[in-house]
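Structure first, then comments.
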Number of protein chains: 2
Amino acid sequence: MYDVGKRAGVSSATVSFILNGRGSGGDRISEETRQRVYRAIAELGYVPNQSARALRRQKTDRVCLVIPQIGTPFSDGLANSVQSVAEAHGYSLILSMSGGRERERHVFEQLRRGLADGAVLFDPEHLTNEELAQLAHAGVALVVQCNRVQGTNFDVVKIDEIKALQDAVRYLYDHGRRRVAFLFNVTESGIQEERLQSYWQTWRELGVPILESFVLRNVGRLREQVYRSVSKLLQSSERPDTIMAGSDMFAISAVWAIRDAGLRVPEDIAVIGIGNIPEGEITHPPLTTVGVVTPTFGDLTGLLFSRLASPVPLDGRVMTRQWELILRGSA
Amino acid sequence: MYDVGKRAGVSSATVSFILNGRGSGGDRISEETRQRVYRAIAELGYVPNQSARALRRQKTDRVCLVIPQIGTPFSDGLANSVQSVAEAHGYSLILSMSGGRERERHVFEQLRRGLADGAVLFDPEHLTNEELAQLAHAGVALVVQCNRVQGTNFDVVKIDEIKALQDAVRYLYDHGRRRVAFLFNVTESGIQEERLQSYWQTWRELGVPILESFVLRNVGRLREQVYRSVSKLLQSSERPDTIMAGSDMFAISAVWAIRDAGLRVPEDIAVIGIGNIPEGEITHPPLTTVGVVTPTFGDLTGLLFSRLASPVPLDGRVMTRQWELILRGSA
DNA sequence: TTGTATGCGTTATCAC
DNA sequence: GTGATAACGCATACAA
């Protein structure tokens, strides 16, 4: 900036003022000076340094979206949504993957060190309430989607899923299903597992036993892995009449596997997913699932940017999203 | 740091030295002092400020992976791969989405301003050679996957895809296919389009005309959108006997649509994708495609981190990945 | 073995 | 209308 100023015959202060007219000094830079400075900037290829600016302003103009894993239809939609809103508010979006304990802690550490002004944490598994509070206390605008936590200085979006999960089981029970298989992945403190626990619990209350061989605890993250897991399951002599999957993606992969094995959905095997991703509408039959009826990410972004815009620290807000049983053809 | 020092009865310099012992001073901090400082750090909840550190060291310890769009199996694999390697080298990974002209320029600007020490740019559409050179000149370690560019101060990974694309067309031609449909999306300077141009060109050389109504230029990004586009195509009285898709994901969605329409792949309609994603192995029939036989991202990360590690500016290196026609069942 | 002093590139207050 | 100047939080050469 000093060099730019020198070339334009002004001080670095003037350059700074022209680049982002704040502080005192009013609007009063002569048009002529302004032009000279712009020319000098162009000639020198000058570009302001973000680290220095952030240091001085105590503000990075960045927000961070933390997702366990990219590559799912859901994270895709979320990221695009947050990015649009961030841009509209003059923030850059940074994406971080938090899958696994190490990575989650790493991202947390980065945020503590001032990576961004605000963050949306999606399903953090290992962070405690205190750590989140600490982060928020350090000045990071925080919105957390997670059922485990509650904060006084950050916002939480919760999902009320229990009832919908119970509804799903009762529905299947009422339609005579008794041989139930589960598809999910065990992660360190996995939310998938929690949800399937709800299923399991409800079946037990209805007096239906769960066959251990029908519980697939490690179906893999990728479609082809899930497909193979299910194909294998179908080869055994004892076949399930129902598959409850930990995600819609798993459920869809299961539907393929079933159809490719020459069986019918839902006549031979009913399939139900979790999450309600758009893709579920085009499987044959369309996927029965459990989730938010019309998925939207407006609540998350709304909380984040209202918090960023607020001049005073806001209290912790809580929003609850209601899940429902969405009956389509597959179950 | 000053406060930490005060509490531990030392200067801020000593704290800094303990936190990252470099510079002069050797290793010589007494164990006792060290402990006192660590205790003070813990008690105060002190955490170093990245902006200040980056400003002083002229180094962010971050690398940035720039992908047009997350949510594809490919970007997922790439991101995970880069993240692992980055962690191993002591860097944090930042993900940025560059889809669309605005966003791409925005990310470019962020990098110029010092967002990260290095970056992998995947298929940048709008950046010129000069801009990339300028970025590299500014000190950003740069690896670009793109066929359009070549740099003297950054690395380029190219894909030699022409021959494989031509092979695909000839193969289809030799098997009697003549009514060819195309599936892709027109983007501002899209690579999908380029590839389909190669197809088109080859068909023309073979004397096969392309029906305009078989060219779907806007099938959408999501699986369900593609599925619907194809379903609609199949309803018209004139049906194609071949579908050449701009990506494997499109091809897979097409296979579903065809099967759900009661037609057979490849007997009624042959389908061929581009990219060779793992999921292609589990469609029925498995997907014929064009791409790298065993996808790996080692070349990209290798180039990036060798560049970051190099004490002197490296010349621009070029690596070429060879594409091949991968015959499986769908064509 | 530790402290002093300086500068990294900005921004913002104040004086002129 | 514009220019000095003092932070912002840290790292490091050098003095002690």
Q. Rounding to a whole Å, what distance do you find between B/F17:CZ and D/dA15:P?
A. 17 Å
Q: Write down the distance between CZ (B/R112) and C1' (C/dG9), rounded to a whole number of angstrom.
A: 16 Å
Q. Start at the 5' end of DNA chain C and walk down; is the nucleotide closest to B/A52 or to B/R36 reached first?
A. B/R36
Q | Candidate pair A/R221 and B/D76, rule salt bridge (Lys or Arg N to Asp or Glu O under 4.0 Å), full reasoning | A | CA-CA 11 Å; A/R221 286 192 310 101; B/D76 189 32; 3.6 Å; yes
(Q) Check this for me, if you would: do B/R113 and B/E109 make a salt bridge, where the nitrogen-to-carboxylate-oxygen distance has to be below 4.0 angstrom? (A) yes
Q: Take the protein atom CD of A/Q58 and the nucleotide atom P of C/dG9, then report the distance between them rounded to whole Å.
A: 18 Å
Q: Supply the atom-to-atom distance A/Q69 CD to A/S75 OG, rounded to the nearest 0.5 angstrom.
A: 8.0 Å
Q: Would you kindly give the CG-to-P distance between B/L55 and C/dT10, to the nearest whole Å?
A: 9 Å
Q: Check whether any side-chain heavy atom of B/K158 sits under 4.5 Å from a side-chain heavy atom of B/V149, and report yes or no.
A: no
**Q.** Separation of atom CG in B/L19 from atom P in D/dT12, rounded to whole Å
**A.** 12 Å
**Q.** Sugar-phosphate, base or nothing in reach of B/M1, heavy atoms under 4.0 Å
**A.** sugar-phosphate
Q: Would you give the length of the straight line joining atom OH of B/Y38 to atom OG1 of B/T33, rounded to the nearest 0.5 angstrom?
A: 12.0 Å
Q: Pick base, sugar-phosphate or nothing for A/V47, based on heavy-atom distances below 4.0 Å to the nucleic acid.
A: sugar-phosphate
Q) Taking only residues two or more places apart in sequence or in another chain, which ones pass salt bridge (Lys or Arg N to Asp or Glu O under 4.0 Å) with B/R103? A) A/E87
Q) Given atom CZ of A/R56 and atom C1' of D/dC10, what is their separation to the nearest angstrom? A) 16 Å
Q) Do any of residues 5-14 of chain A sit with a heavy atom less than 4.0 Å from DNA chain D, and if so which? A) A/G9, A/V10, A/S11, A/A13, A/T14
Q. According to a strict under-4.0 Å criterion, is B/S51 in side-chain N/O contact with OP1 or OP2 of D/dC10?
A. no
Q) Under the side chain to side chain donor-acceptor pair (under 3.5 Å) test, which residues partner A/E32, sequence neighbours left out? A) none
Q) Given that A/T33 and B/R53 both sit by DNA chain D, which one's nearest nucleotide is further toward the 5' end? A) A/T33
**Q.** Closest to the B/R57 side chain, choosing from D/dA11, C/dA12, D/dC10
**A.** D/dA11
**Q.** End-to-end axis angle, where each axis spans five pairs of the helix from C/dT1-D/dA16 to C/dC16-D/dG1, to 10°
**A.** 40°
**Q.** Spacing between A/N49 atom CG and C/dC8 atom P, to the nearest angstrom
**A.** 12 Å
Q. Are OP1 or OP2 of C/dG7 and a side-chain N or O of A/Y2 less than 4.0 angstrom apart?
A. no
Q.
Can a side-chain donor-acceptor contact be found between A/R53 and B/S51 if the only test is distance below 3.5 angstrom?
A. no
Q.
Distance check needed: D/dG3 C1' versus A/I29 CD1, whole Å only.
A. 10 Å
**Q.** A/S30 side chain near D/dG1 phosphate (N/O to OP1/OP2, under 4.0 Å)
**A.** no
**Q.** With B/R36 via side chain to side chain donor-acceptor pair (under 3.5 Å) - residues at least two apart
**A.** none
Q: Name all residues meeting the side-chain contact (heavy atoms from CB on, under 4.5 Å) criterion together with B/E131; count only those two or more places apart in sequence or in a different chain, and write none if there are none.
A: B/R105, B/F108, B/L127, B/T128, B/Q134
